[in-house]
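Below you'll find the structure, written out as structure tokens, and then a few comments.
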Amino acid sequence: MIESPDRTPLPRDFFDRPVLEVAPELLGRILIRLTADGPIELRLTEVEAYAGEVDPGSHAYRGRTARNAVMFGPPGHAYVYFTYGMWHCLNAVCGPEGRASGVLLRAGEIQVGAELARKRRISARNDRELAKGPARLATALAVGRDLNGTDLCNGPDSPLTLLHGSPPDPDQVRSGPRTGVGGDGAQHPWRFWIADDPTVSPYRAHLPRRRST
DNA sequence: ACGCGGATGTTCT
DNA sequence: GAACATCCGCGTG
């Protein structure tokens with residue numbers, strides 16, 4: 001028997017908990033993005049936890065700024081940031097309010113609207129690569145800074161919503177060091193993914209870039 | 001398969 | 001002025 005996925009939205013209470021509890025439980029959840037051309041739905045397969053002001057890897061480590069303000073607000077909202085001059089990444093803010101923690105949504109499987117995602121991800125060589133990586137995920141789902149602060153718990157009429165979906169068996173959840181995080185934030189195994197899932201992005205260690213001229 | 005450098009612009013020191 | 005929660009294309013093996 002296959003149980004059909006639960007298509008009700010995750011309640012705010014789900015996010016209003018310590019981020020290390022929430023992050024692994026986001027695996028298997030359904031992210032719905034409503035675009036003008038139609039809906040895109042993605043099943044989350046890889047996430048990373050960022051623990052706020054106590055976490056050297058977090059954008060909130062040095063306190064509140066204009067960019068990270070949403071992380072300091074109520075849980076269950078989208079924190080979208082722009083990086084490397086080209087890319088956007090999407091987080092789900094967790095609780096309690098003021099803790100400035102969040103979960104980076106790193107990868108997933110596009111289940112609905114793949115034809116829409118392909119238009120934005122021309123370089124993807126197959127559908128498994130459409131959302132294999134945090135910036136690819138945001139690109140595939142047309143997530144930009146305009147969605148920063150969006151309430152993820154509003155229901156399916158919202159531009160961005162997280163549904164209960166079908167969490168994997170706990171035996172299938174893996175964890176390891178976060179990708180692209182260096183320094184004192186590198187050691188914690190705060191990256192979570194579904195075992196053997198082909199849409200999970202490859203691990204890359206943090207590389208200090210040599211400065212060019 | 002894997003490693004490297006360039007792209008690009010916002011944010012913070 | 002440097003770093004950046006990244007990705008892509010091209011080189012080598």
Side-chain angles (χ1 to χ4, degrees), chain A residues 15 19-20 22-24 26-27 31 42 44-72 77-94 99-108 110 117-149 152 160 174-193 196 198-213:
Chain A
F15 299 95
V19 68
L20 290 178
V22 176
L26 277 172
L27 296 173
L31 180 64
L42 170 139
L44 284 170
T45 60
E46 181 192 355
V47 300
E48 275 177 3
Y50 287 85
E53 288 174 286
V54 299
D55 177 5
S58 170
H59 286 172
Y61 183 54
R62 297 181 190 280
R64 179 177 183 143
T65 65
R67 175 174 70 159
N68 66 23
V70 170
M71 292 189 89
F72 288 81
H77 288 247
Y79 167 51
V80 180
Y81 67 89
F82 181 72
T83 192
Y84 288 103
M86 281 169 278
W87 312 110
H88 297 275
C89 294
L90 169 64
N91 297 254
V93 175
C94 292
R99 185 73 174 70
S101 65
V103 179
L104 174 66
L105 308 184
R106 287 196 56 92
I110 305 279
R118 286 186 207 109
K119 291 181 186 173
R120 300 179 177 278
R121 292 275 302 115
I122 300 296
S123 62
R125 297 187 300 194
N126 54 63
D127 284 3
R128 304 188 313 273
E129 293 186 349
L130 285 175
K132 189 180 201 156
R136 290 168 168 181
L137 185 155
T139 301
L141 269 59
V143 171
R145 271 174 296 191
D146 54 314
L147 293 182
N148 190 35
L152 300 171
L160 207 51
R174 300 286 179 270
S175 66
R178 293 177 294 187
T179 294
V181 174
D184 294 335
Q187 50 188 341
H188 308 104
W190 289 351
R191 177 179 180 238
F192 303 93
W193 67 94
D196 301 320
T199 66
V200 172
S201 71
Y203 174 76
R204 300 187 200 286
H206 175 75
L207 286 186
R209 307 291 302 151
R210 236 182 34 197
R211 68 197 145 89
S212 55
T213 62

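What you are looking at is a predicted structure, and each value in this text was computed from that prediction instead of being measured. In the text below, chain A, chain B and the rest are named by the order of the sequence lines, each starting its count at 1.
- Aromatic pair A/Tyr81/A/His59: centroids less than 6.0 angstrom apart.
- Atom OH of A/Tyr50 is separated from atom C1' of C/dC4 by 12 Å (rounded to the nearest Å).
- No hydrogens or angles considered: a donor-acceptor pair under 3.5 Å links the side chains of A/Ser201 and A/Glu46.
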Discussion item. I'd like to know whether A/Asn91 forms a side-chain contact (heavy atoms from CB on, under 4.5 Å) with A/Val103, so could you lay out the CA-CA distance, the side-chain angles of the two residues, the decisive distance to 0.1 Å, and finally the verdict.
Written reply: CA-CA 5 Å; A/Asn91 297 254; A/Val103 179; 6.0 Å; no
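- By the 6.0 Å contact criterion, CG on A/Asn126 is enclosed, its count of non-hydrogen atoms from other residues, nucleotides or ligands being greater than 12.
- Atom P of nucleotide C/dA5 and atom NE2 of A/His188 are separated by 17 Å, given to the nearest angstrom.
- Ionic pairing of A/Asp127 and A/Arg118 is present here: one or more N-O contacts between side-chain nitrogen and carboxylate oxygen are shorter than 4.0 angstrom.
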Considering only nitrogen or oxygen atoms on both sides, find all protein atoms under 3.5 Å from nucleotides 11-13 of chain B and state each distance.
unit_1: B/dC12; atom_1: OP1; unit_2: A/Thr65; atom_2: OG1; d: 2.3

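- One finds no side-chain N or O of A/Thr179 lying less than 4.0 angstrom from the OP1 or OP2 phosphate oxygen of C/dA5.
- Between the side chain of A/Tyr84 and the base of B/dA7 there is no donor-acceptor pair of N/O atoms closer than 3.5 Å.
- Consecutive Watson-Crick or G-U pairing (both distances under 3.5 Å) extending over three or more pairs maps onto DNA chain B as B:1-7 with C:6-12, B:9-12 with C:1-4.
- The distance from atom CG of A/Leu90 to atom C1' of C/dT6 is 15 Å, rounded to the nearest whole Å.
- Between A/Tyr50 and A/Val181, the shortest heavy-atom distance links the atoms OH-CG2, 3.3 Å.
- A 6.0 Å sphere centred on CZ of A/Arg62 holds no more than 12 heavy atoms belonging to other residues, nucleotides or ligands.
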Practice prompt. Check step by step if side-chain contact (heavy atoms from CB on, under 4.5 Å) holds for A/Leu104 and A/Val47.
Written response: CA-CA 6 Å; A/Leu104 174 66; A/Val47 300; over 6 Å; no
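- As a whole-Å value, the separation of A/Tyr61 OH from C/dA3 C1' is 16 Å.
- Within residues 125-139 of chain A, the residues approaching DNA chain C are A/Gly133, A/Pro134, A/Ala135, A/Arg136, by heavy-atom distance under 4.0 Å.
- Regarding A/Tyr203, its OH atom lies at a distance of 16 Å from the C1' atom of B/dC2, rounded to whole Å.
- Residues A/Ala51 and A/Trp190 come closest through the heavy atom pair CB-CZ3, 3.9 Å.
- Using a 4.0 Å heavy-atom cutoff across all strands shown, A/Gly180 reaches sugar-phosphate atoms only and no base atom.
- Among the protein residues, A/His59 comes within range of the nucleic acid bases, having at least one heavy atom under 4.0 Å from a base atom.
- In this structure, A/Asn91 atom CG and C/dA5 atom C1' are separated by 8 Å, rounded to whole Å.
- Rounded to whole Å, atom P of C/dC7 lies 8 Å from atom CZ of A/Arg204.
- Between A/Glu129 and A/Arg121 there is no salt bridge, since no side-chain N of the basic residue sits under 4.0 Å from a carboxylate O of the acidic one.
- The heavy-atom pair separating A/Ala142 from A/Leu147 by the smallest distance is O-CD1, 4.3 Å.
- The closest donor-acceptor contact from the side chain of A/Arg178 to the backbone of A/Ala49 lies under 3.5 Å.
- One can place CD of A/Glu46 at 11 Å from C1' of C/dA5, the figure rounded to the nearest angstrom.
- Nearest-nucleotide assignment on DNA chain C puts the 5′-proximal partner with A/Tyr81, out of A/Tyr81 and A/Arg121.
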